[in-house]
Amino acid sequence: MPNPTNHIELVTRDFSFYYGDFRALTSISMDVERNRVTAFIGPSGCGKSTFLRSLNRMNDIIPGTRVEGKVLLGGVDIYGKDVDVVDLRRKVGMVFQKSNPFPKSIFDNVAYGLRIHGERNPSAVAQRVEESLRAAALWNEVKDRLDKSALDLSGGQQQRLCIARALAVKPEIVLMDEPASALDPLATQKIEELIFELKKEYTIIIVTHNMQQAARVSDATAFFYLGELVEFDETKKIFTNPKEKKTEDYITGRFG
Amino acid sequence: MEGVNVDNPQSAGIGRVRAWRRFREKAIETFFLANGLFAVLVLLAIFSMLFTEGWPALKRVPFGEWVMSTEWDPTSPVRESYGILALIVSTLMVSIGALILAVPLGIACAAYIADVAPARVREIVKPVIEILAGIPSVVVGFFGLVVLGPLLAKAFHAGNGLNGVNGSILLAVMALPTIMSVSEDAIVSVPQELKNASLALGATRWQTLMRVTLPAALSGIVASVMLGMGRAIGETMTVLMACGNAPAMPHSFLDPVRTMTATIAIELGETVQGSTHFHSLFVIAFFLFLMTFAVNLVSDIILQRVRKRMGGA
Ligand SMILES: Nc1ncnc2c1ncn2[C@@H]1O[C@H](COP(=O)(O)OP(=O)(O)OP(=O)(O)O)[C@@H](O)[C@H]1O
Ligand SMILES: [Mg+2]
């Protein structure tokens, strides 16, 4: 059973997830450590995105879904009765596979989260916007055109803007679902460097299809297969000396 | 050089395909251009027809009188007067009144159907609302005459209840389906990814609706309002039946009013063809045309600003 020590950020216990009658996740138990990058890998359709979206309850908006088991954040079950989903999602931010900036100015995109959470002071907003854009390594590229539309940015810039937007509300955990899958190698490298920087302040969980990427950026790696967590260990261990045969087959490209 | 087959049948075939495709592209382009030109042509024809038919009256009556005077009495035996200011004000008053009622209600309903209501409610409510748009205006006018009129008369002690408010309410009812339906389409087509982004930042559904979904749907919503406004300004039968038809400057919404359209409809049958009165009715139509044109132009400019600010399409 969980032994909540200081460095554990998030704990799941026997967590199962259902889309209607279809069980997409089976009894997942995992401890995610603070200030580290945890990667989720596995073949398409194995439930990585489903699991990721379960961690900030974004699955709630899909009708007919159901969960079993527990997800504990700071010792509190996020599926508990009196959990405020709004507050949960502020603590557990998310970056989507397809960058989705609002059709607003660059500034307003980053300021959005602050404003909906009631920050009225313009100079506080401006300061946090700058901090977030710097943290997302985008500040130098956009500082002269903050009032321009975010949709005029390049794909890679848009994705970093989405990261800045997620960081602005000071989350504890940032969930990233294949954040670089639509980007060219250079933009991908920028995102990877960014992730490396971000783990100093945030706990990061990233879904990726790219084995090299998982090996490069993550500290721990979880391998999923058909809705089950097959193996979860230090990234080094998973990529050099996996316990399970399935894991080895997958990372060496023998299937999936 | 020998051995090189210039008339390679295969490449000739490809050339033919290419020529055919080019021709087809050109034809399609020309077809659309012709359609666009035709629409513009029709518009110009109407415009020039109204102007030439109105010209004899415009020539006889000083321009100042048309737009400054509130006295409309073209059949006076003493002194004919052709001031249409009261009619313009009446038209604007009834239309704007209708929009004040219909726009918030229409957008709220659209947002509810698109974003809040369960799918089944949406499947039932939307077609019903769209059927509402097909009710003939004479039926709506009749309702205003026999139901709404007496009600208003009792509530506000306002004569027989045939007045500006009555017309505004009826026009609102008529504009509502258009506003609701077109806005709803715009709201539904806002990408789910944008809403997800907002929700994932900890926004409530309400915040997401107000700050992301509605702004992203704004151009469609503005378009729906313009369509509704167009219907309200141009509507004739309803206002003719329900507004009381006093061609005087209204001082409040409870005064009986006579709109530009109603004036044309009432008087066109009674005038002597070719008289100044006859031509003056075309002048009214001409001004009405200019007003709708101005409304459309202004809304287009607003839309363009909005799109530019938000970027993208
Ligand atoms: N909204 C949904 N409704 C019903 N079933 C769904 C839904 N979303 C996902 N699923 C199913 O749940 C399973 C897991 O899907 P999920 O998207 O989590 O996979 P994934 O590991 O992220 O795949 P990929 O690598 O392709 O993104 C799949 O079988 C999928 O078909
Ligand atoms: Mg996925």
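We name chains A, B, ... by the order of the sequence lines, and we start the count at 1 in each one. On a predicted model such as this, the values are computed, not experimentally measured, just so you know.
Annotation: the span from A:Arg90 atom CZ to B:Leu201 atom CG amounts to 11.0 Å, rounded to 0.5 Å. Atom OG1 in B:Thr208 sits 4.5 Å away from atom OH in A:Tyr112 (nearest 0.5 Å).
Heavy atoms of other residues, nucleotides or ligands lying less than 6.0 angstrom from CG of B:Asn35 number more than 12. Atom NZ of A:Lys70 is surrounded by 12 or fewer heavy atoms from other residues, nucleotides or ligands within 6.0 Å.
Both the backbone and the side chain of A:Arg115 come within contact range of chain B, judged by heavy atoms closer than 4.5 Å. Interface residue A:Pro101: only backbone heavy atoms are found under 4.5 Å from chain B. With a 4.5 angstrom heavy-atom cutoff, A:Val92 touches chain B only via backbone atoms. Residue contact with chain B, scored on non-hydrogen atoms closer than 4.5 Å, is absent for A:Leu175. In this structure, no portion of A:Arg53 lies under 4.5 Å from any heavy atom of chain B.
Side-chain atoms of B:Gln207 and A:Val86, non-hydrogen and from C-beta on, never get closer than 4.5 Å to each other.
What you find for A:Met94 and B:Ala200 is that their closest heavy atoms are CB-CB, 4.0 Å. Of all non-hydrogen atoms in B:Gly202 and A:Ile116, the two that sit nearest each other are C-CD1, 4.0 Å.
Panel note: side chain B:Glu193, backbone A:Asn100; no donor-acceptor pair is recorded below 3.5 Å.
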Exercise. Checking side chain to side chain contact (heavy atoms under 4.5 Å, CB included) for the pair B:Gln192/A:Ile61: CA distance, chi angles, key distance, verdict?
Worked result: CA-CA 11 Å; B:Gln192 183 65 40; A:Ile61 53 182; 4.2 Å; yes

For this session: Take A:Val85 and B:Leu199 through the side chain to side chain contact (heavy atoms under 4.5 Å, CB included) test and state the conclusion after the steps.
Result: CA-CA 10 Å; A:Val85 179; B:Leu199 293 170; over 6 Å; no

